[in-house]
Number of protein chains: 2
Amino acid sequence: MPSSGRIPRPSVKRLSLYLRELESRAAAEPQTVSSRELGDALGITDAQVRKDLACFGQFGQPGVGYAYAELTAALRRILGTDRVWNSIVVGAGNIGRAVIKYPRLRTKGFEIIAAFDSDPAIIGTEIGGVRVQPLTELDSTVRTQAVAIALLAVPAPVAQATTDQLVAAGVRGILNFAPVRLAVPAHVSIVSADLTIELEQLAFRLSFSGPEGNGALA
Amino acid sequence: MPSSGRIPRPSVKRLSLYLRELESRAAAEPQTVSSRELGDALGITDAQVRKDLACFGQFGQPGVGYAYAELTAALRRILGTDRVWNSIVVGAGNIGRAVIKYPRLRTKGFEIIAAFDSDPAIIGTEIGGVRVQPLTELDSTVRTQAVAIALLAVPAPVAQATTDQLVAAGVRGILNFAPVRLAVPAHVSIVSADLTIELEQLAFRLSFSGPEGNGALA
DNA sequence: CGTTGTGAAATGATTCACAGCT
DNA sequence: AGCTGTGAATCATTTCACAACG
């Protein structure tokens with residue numbers, strides 16, 4: 001039985017990084033990886049890697065390491081990407097269009113089955129093989145296609161109202177590109193992807209450890 | 001003199017959220033905000049808000065709160081967004097084009113002064129008012145225009161090589177959209193924006209606290 | 001009164017160090 | 001010998017609680 005204690009948030013983030021690292025390697029390489037190797041590739045300690053994995057079970061063999069194929073499969077299973085997630089993109093502006101066409105989503109099991117927009121000029125058009133539907137069809141599409149995930153790329157002023165629609169339709173997870181905090185019921189998860197916030201973090205590091213010379217980041 | 005001790009990474013992230021919250025409010029609203037108000041708006045405690053701000057100085061008035069205008073200005077100064085950062089976009093594919101056209105970057109002081117790509121078909125074209133240049137011109141543009149920040153939106157296989165070019169040219173901060181970990185010298189900062197990793201976090205929460213019913217996230 | 005700023009306490013996460021397996 | 005899994009120790013972050021201030 002897997003060790004089922006508390007799971008640190010940062011560990012889950014790293015799980016994704018472990019998987020990405022494994023997937024980026026030629027599958028023909030040595031059948032096995034050690035926590036040391038994985039840690040070095042990611043700039044963290046080997047103990048950290050082992051602790052993270054230990055939250056979910058025992059995947060390694062003492063003296064040998066982790067079997068490449070097994071660990072990859074285990075990580076996918078843990079993260080929930082060993083299946084297909086029917087997803088939709090809401091808002092077919094610049095960001096929405098780029099996301100729809102991003103081929104990596106499909107290879108990761110996030111299947112964009114529809115896009116939605118309020119602009120009559122683009123409703124009915126096709127973007128990257130996905131038909132753009134009016135928002136009035138959102139509810140029925142989410143229900144009939146069992147859509148669990150929405151990628152929200154609408155303008156900030158309508159983000160909350162659109163979210164309410166999504167939640168009412170039954171969406172359980174939202175990747176939010178709009179620069180606002182969304183209020184949702186407890187059973188719905190939000191992950192934020194605000195570009196400007198990431199850039200501000202960069203600006204901070206540049207102006208803090210740059211000119212002044214001191215790099216007093218914890 | 002500002003309290004200049006250790007600065008927790010999470011605090012810097014929240015600073016951006018405080019600023020976003022303040023900027024989203026009508027400037028005509030009450031001249032003052034309390035740590036309680038700000039915390040409630042972001043789903044964190046008032047003590048957390050005060051501790052975060054205390055890392056950088058004393059901005060509030062006991063019994064009153066924080067002056068809206070002063071706090072906004074202080075946050076911009078701390079984050080380094082009270083100035084213009086000359087930036088470039090490298091890779092004019094789907095993501096690169098969306099980023100170039102994202103109007104919020106300019107209002108936040110991140111001025112995209114050029115874009116670069118290796119595809120002869122799009123070199124010379126203009127995207128959102130920005131001219132696409134060949135990579136051979138990267139070095140001279142970065143130097144003559146004092147570019148500090150690059151938004152890297154090239155395919156994963158060439159991300160590291162492109163990064164090396166950027167670093168050699170003098171770029172000091174990179175927002176990386178490619179799904180790889182970039183190796184850079186210590187004086188260069190990297191912030192990662194990998195869409196698929198964010199989606200995996202969402203999938204994890206959905207498959208973990210969903211079907212099985214237990215929400216054992218720390 | 002309400003609110004800030006801040007030590008002290010509590011909680012959370014990472015690293016250490018080593019027993020035990022291959 | 002090399003490596004995992006894990007309790008114990010260290011380090012980081014958050015919350016508590018309250019004195020001081022307007």
Side-chain angles (χ1 to χ4, degrees), chain A residues 1-18 22 30-72 74-75 78 201 215-218, chain B residues 1-18 22 30-72 74-75 78 201 215-218:
Chain A
M1 173 179 279
S3 339
S4 252
R6 287 277 166 287
I7 298 161
R9 288 270 191 119
S11 292
V12 184
K13 198 79 172 260
R14 283 189 298 265
L15 253 38
S16 281
L17 298 175
Y18 301 150
L22 292 177
Q31 297 292 72
T32 180
V33 206
S34 72
S35 58
R36 171 74 82 97
E37 275 180 89
L38 260 183
D40 285 352
L42 268 79
I44 59 183
T45 68
D46 55 333
Q48 182 76 82
V49 175
R50 294 198 298 277
K51 263 273 156 66
D52 287 342
L53 296 175
C55 292
F56 300 94
Q58 309 196 158
F59 308 104
Q61 227 179 336
V64 181
Y66 300 88
Y68 173 90
E70 276 173 38
L71 185 55
T72 303
L75 287 171
I78 294 164
Q201 300 298 301
L217 251 189
Chain B
M1 174 179 279
S3 339
S4 252
R6 289 276 166 289
I7 298 163
R9 289 270 191 117
S11 292
V12 184
K13 198 78 173 260
R14 283 189 299 265
L15 253 38
S16 281
L17 297 175
Y18 301 150
L22 291 177
Q31 297 292 70
T32 181
V33 207
S34 71
S35 59
R36 172 74 82 98
E37 274 180 88
L38 260 183
D40 285 352
L42 267 81
I44 59 183
T45 68
D46 55 333
Q48 182 75 82
V49 175
R50 294 198 297 277
K51 263 274 157 66
D52 286 343
L53 297 175
C55 292
F56 301 95
Q58 309 196 158
F59 308 103
Q61 228 179 335
V64 180
Y66 300 88
Y68 173 90
E70 278 173 38
L71 185 55
T72 303
L75 287 170
I78 295 166
Q201 301 298 301
L217 251 189

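No hydrogens, no waters, no symmetry mates; every other heavy atom, side chains included, goes into these values. Below, read A as the first sequence line, B as the second, and so on, with proteins coming before strands; counting in each chain starts at 1. Quick caveat, the model's predicted, so the values are computed rather than measured.
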Identify each atom pair where a protein N or O and an N or O of nucleotides 1-3 of chain D are less than 3.5 Å apart, giving names and distance.
from	atom 1	to	atom 2	distance (Å)
D:dG2	N2	A:Gly63	N	3.0
D:dC3	O4'	A:Gly63	N	3.2
D:dC3	O2	A:Gly63	N	3.3

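- Across the protein-nucleic acid pair, A:Phe59 atom CZ and D:dG5 atom P stand 9 Å apart, rounded to whole Å.
- Here the nucleotide nearest the side chain of A:Thr45, chosen from D:dT6, C:dT15, C:dT14, is C:dT15.
- Distance B:Leu53 CG to C:dG5 P: 8 Å, rounded to the nearest Å.
- The phosphate of C:dT6 has OP1 or OP2 within less than 4.0 Å of a side-chain N or O from B:Gln58.
- An OP1 or OP2 oxygen of C:dT14 is reached within less than 4.0 angstrom by a side-chain nitrogen or oxygen of A:Arg14.
- Rounded to an integer number of Å, the gap from CZ of B:Phe56 to P of C:dT4 is 18 Å.
- If you measure from atom CZ of B:Arg6 to atom P of C:dA13, you get 21 Å, rounded to the nearest angstrom.
- Looking only at side-chain heavy atoms (C-beta outward), A:Leu38 and A:Leu71 come within less than 4.5 Å of each other.
- A:Ile7 places its CD1 atom 14 Å from the P atom of C:dG12, with the value rounded to the nearest Å.
- With rounding to the nearest 0.5 Å, the separation of CZ in A:Phe59 from CD1 in A:Ile78 is 4.0 Å.
- Annotation: the span from A:Tyr66 atom OH to A:Gln58 atom CD amounts to 9.5 Å, rounded to 0.5 Å.
- B:Ser35 and B:Asp46 form no side-chain donor-acceptor contact under 3.5 Å, judged by distance and modelled atom types alone.
- Where A:Ser11 and B:Lys51 meet DNA chain C, the nucleotide closest to each residue was compared, and B:Lys51 sits on the side nearer the 5' end.
- Rounded to an integer number of Å, the gap from CG of A:Leu38 to C1' of D:dT4 is 13 Å.
- Put simply, CD on A:Gln48 is 16 Å from C1' on C:dA17, counting in whole angstrom units.
- Closest approach of B:Glu37 to B:Thr32, counting heavy atoms only: OE2-O, 4.1 Å.
- Across all non-hydrogen atoms, the minimal contact from B:Gln201 to A:Ser16 is NE2-OG, 3.1 Å.
- Put simply, CG on A:Leu71 is 10 Å from P on D:dT4, counting in whole angstrom units.
- Atom CZ of B:Arg36 and atom CZ of B:Arg50 lie 9.0 Å apart (nearest 0.5 Å).
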